[in-house]
Amino acid sequence: MIQTILYFALTLFGIAIAIALFRIVFGPSLPDRVIALDMIGVNLISSMAIISIIIGTTFFLDVILIIGIIAFISTIAFSKYIERGGIIERKRDD
């Protein structure tokens with residue numbers, strides 16, 4: 001019973017990732033694409049956790065942490081790019 005629920009949840013996370021990929025490709029604006037990319041990161045983390053439970057190993061927990069850190073940093077960088085037009089601030093000589 002638990003295995004069936006885990007496989008069903010994994011299928012739903014896969015569908016959610018496919019929908020987010022559609023939003024990245026055909027998104028009306030850049031902020032929508034950034035949110036969809038963040039959504040893929042969250043769903044990928046959840047999928048890796050379910051795969052870790054199904055296989056019965058803790059090996060994927062390190063991978064989950066790395067994906068979470070990369071997803072967080074990329075969301076911050078894209079948001080900063082949208083807001084200011086650049087990621088790194090340059091000091092101007094006036």
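For reference, positions follow the sequence shown, starting with 1. None of the values given here were measured: they were computed from a predicted structure.
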Here the gap from Ser46 atom OG to Phe13 atom CZ, rounded to the nearest 0.5 Å, amounts to 4.0 Å
Rounded distance [0.5 Å steps], CG in Asp62 versus CD1 in Ile67: 11.0 Å
Is it true that [X] and [Y] fall in one hydrophobic cluster, defined by side-chain heavy atoms closer than 4.5 Å?
X     : Y     : answer
Ile76 : Phe78 : no
Tyr7  : Ile5  : no
Ile53 : Val42 : no
Ile50 : Val63 : yes
Met48 : Phe72 : no

Show your working on side chain to side chain contact (heavy atoms under 4.5 Å, CB included) between Phe8 and Thr4 and close with a plain yes or no. CA-CA 6 Å; Phe8 182 69; Thr4 306; 5.5 Å; no
Verdict with reasoning, Asp38 to Val34, per side chain to side chain contact (heavy atoms under 4.5 Å, CB included): CA-CA 6 Å; Asp38 188 47; Val34 171; 5.7 Å; no
Side chain of Ser52, backbone of Thr57: donor and acceptor closer than 3.5 Å? yes
Would Leu65 and Leu61 count as a side chain to side chain contact (heavy atoms under 4.5 Å, CB included) here? Give the steps. CA-CA 6 Å; Leu65 287 173; Leu61 298 180; 6.0 Å; no
The side chain to side chain contact (heavy atoms under 4.5 Å, CB included) partner of Ile40 among Ile45, Leu21, Ile35 is Leu21
Minimal heavy-atom distance between Arg33 and Val25, with the atoms involved, is NH2-O, 3.5 Å
